[in-house]
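Below: one structure, written as C-alpha cells.
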Number of protein chains: 2
Amino acid sequence: MTVSKTAEKSSEKPGEAAKGRKDAAEAQPEALQLGELSEQLGYVLKRAQLKVFENFLRCMASLQLTPAQFSVLLLVEKNPGRNQTEVASTLGILRPNFVALLDNLESRDLCARIRSTNDRRSHILVLTDKGKAVLTRAKKLVATKHESRLNELLGQANREALLGMLSKIANEF
Amino acid sequence: MTVSKTAEKSSEKPGEAAKGRKDAAEAQPEALQLGELSEQLGYVLKRAQLKVFENFLRCMASLQLTPAQFSVLLLVEKNPGRNQTEVASTLGILRPNFVALLDNLESRDLCARIRSTNDRRSHILVLTDKGKAVLTRAKKLVATKHESRLNELLGQANREALLGMLSKIANEF
DNA sequence: TATTGTTATACTCTATAACTATA
DNA sequence: TATAGTTATAGAGTATAACAATA
C-alpha cells in the first residue's frame with residue numbers, strides 16, 4: 001500500500017498554530033518552521049560559518065584574500081622557514097591541494113618558495129616584503145571591519161567565550 | 001633586490017623559545033605555532049564545524065545519512081506538504097542542487113514527491129512511513145551519540161550558550 | 001509573462017594515486 | 001626504501017543559464 005501520488009486541496013493544514021497568518025485567504029509564503037533543526041549544533045554551526053566567511057570575503061575584497069590564503073600568510077609569518085608539508089598539514093590542507101594555493105600567492109609576490117640547502121627536496125616558505133605589507137593591511141581590515149562587527153554583535157566577553165568553546169570542539173571533539 | 005633563492009643551514013631559528021625541544025640535535029618535527037590564527041573566529045569556526053560534521057557522519061554511519069539529508073528529513077517532517085522550492089530555500093540549498101539530494105532520499109523510500117493538485121507545477125514533499133521510522137532512529141543516534149558528547153565536552157549550560165551565539169551570527173551577522 | 005522542477009554545466013574544495021628528485 | 005613537491009584525476013558542494021510544463 002503506497003502513498004497516493006496526488007495531494008489534497010489547499011488549506012488542509014491549519015494546525016501548528018496559524019500565527020503569522022493575515023486575514024483569511026491571502027496565500028502569502030509563510031515561512032517554514034525550523035523545529036528541531038535550530039537545536040542541531042551542526043546545522044547552526046555551518047550556517048554561522050558560512051556567514052562569517054562571507055563577511056570575511058567582503059571585508060577583504062580590496063586585498064583579494066580568501067580565508068585560506070590569509071591563514072597561510074599568518075602562519076608563514078609566524079613560522080618562517082618551514083616547508084610546504086608542515087604548513088599545509090598544520091592548516092589541514094592536503095599537500096597536493098596546497099600547490100595551487102601557493103602558486104597563487106607566489107605569483108602575486110606575497111610569499112616565496114626557497115629550496116632548502118639541508119634537504120633539497122623541500123621548499124622553505126617565507127613572506128616577501130610585499131607579502132608582509134599586505135598581511136599588515138589585511139590584519140587591520142580584519143580587526144576593524146570583521147572582528148569588530150562580531151564584538152558589536154556578541155560583546156567582547158561572549159566573543160571570547162565563543163572562541164574558547166569552538167577551540168575546544170576543534171581540538172578535543 | 002630579490003630574496004636569495006637558497007636557505008640557510010639548519011638550527012638557524014632557536015628563537016621563539018625552544019620549548020618542546022629535547023636534548024639537543026634531535027630534529028623531531030616540532031609543531032608550528034598558530035599565533036594569531038587561533039584568535040581568528042573564522043578559522044576556529046571552520047575547524048570546529050568540520051569536526052562536528054565528521055563526528056555526525058560517524059554516528060550516522062549505520063543509517064547512511066549526511067547532515068544535509070538529515071536536515072531535509074527533519075524539515076519535511078515538521079513542515080509536511082511544502083514544495084521543493086520552499087524546503088530547499090529554507091535550508092539554503094539551490095533548487096537545481098536539491099534535485100539529486102531528493103532523488104537519493106526518494107530512491108531509498110525515505111520521502112516522496114507528490115504532484116500538487118493546486119499548482120500542478122510543484123511537488124509537495126512528505127516523509128514515507130519508512131522515512132519517519134528512519135528519522136526517529138536518526139534522532140536517537142544524534143541525541144545519544146552526537147549531541148551527548150558535546151554536552152560532555154562543554155557542559156549543558158555552555159552548549160546552550162554556544163548555540164545561542166551561533167544562531168545570532170547565522171541570523172544577524 | 002512568471003514560476004516549478006529539471007538538465008546541463010562550471011567552478012571550487014577535497015581526496016587519492018602516482019610520478020620526480022632527492023634522501 | 002622513504003619523503004617533498006608535484007601532477008592528474010575524481011568526487012563532493014555550490015553556482016548560473018535555460019528548458020518544459022504549468023500558471
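As the structure is a computational prediction, the values presented were derived from the model and not from experiment. Chain identifiers are assigned alphabetically (A, B, ...) following the order of the sequence lines, protein sequences preceding nucleic acid strands; residue numbering begins at 1 within each chain.
- Between B/R113 atom CZ and C/dG5 atom P there is a gap of 9 Å when expressed in whole angstrom units.
- Test B/R47, B/E39, B/Q40, B/K46 against B/Y43 for side chain to side chain donor-acceptor pair (under 3.5 Å) and you get one pass: B/R47.
- As a whole-Å value, the separation of A/Q84 CD from C/dT22 C1' is 15 Å.
- In this structure, the NZ atom of A/K46 is 8 Å from the P atom of D/dG13, given to the nearest Å.
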Protein-nucleotides 21-23 of chain D N/O pairs under 3.5 Å:
{"residue": "D/dA23", "atom": "OP1", "partner": "B/R120", "partner atom": "N", "Å": "2.8"}

Item to check | Pair A/Q84-A/R95, side chain to side chain donor-acceptor pair (under 3.5 Å): steps then yes or no | outcome: CA-CA 7 Å; A/Q84 293 183 200; A/R95 274 71 76 212; over 6 Å; no

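- A straight line from CD of A/Q49 to P of D/dG13 spans 14 Å, rounded to a whole angstrom.
- The only member of A/L101, A/L102, A/V99, A/V87 that meets side-chain contact (heavy atoms from CB on, under 4.5 Å) when paired with A/I93 is A/L101.
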Item to check | Verdict with reasoning, B/Q69 to B/N104, per side chain to side chain contact (heavy atoms under 4.5 Å, CB included) | outcome: CA-CA 9 Å; B/Q69 293 168 337; B/N104 180 317; 3.6 Å; yes

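- The CZ-C1' distance, from A/R82 to D/dG5, rounds to 18 Å in whole Å.
- Rounding to the nearest 0.5 Å gives a distance of 11.5 Å between CG of A/N158 and CG of A/L150.
- Summarising the geometry, the separation between NE2 on B/H123 and P on D/dA20 is reported as 17 Å, rounded to the nearest angstrom.
- The hydrophobic cluster containing B/F173 also contains A/L41, counting ILVMFWY residues as joined when their side-chain heavy atoms lie under 4.5 angstrom apart, directly or transitively.
- Residues forming a salt bridge (charged side-chain N to carboxylate O under 4.0 Å, His left out) with B/E54 (at least two apart in sequence, or on another chain): B/R58.
- A heavy-atom distance below 4.0 Å to DNA chain D is reached by these residues of residues 90-102 of chain B, ordered by number: B/L94, B/P96, B/N97.
- If you take CG on A/N79 and CD on A/E86, they are separated by 9.0 Å, rounding to the nearest 0.5 Å.
- Between A/T85 and D/dG5 there is a side-chain N or O to OP1 or OP2 distance below 4.0 Å.
- The distance between atom CG of A/L57 and atom C1' of D/dT14, rounded to the nearest whole Å, is 14 Å.
- Whole-Å rounding puts the B/E54 CD to C/dC13 P distance at 20 Å.
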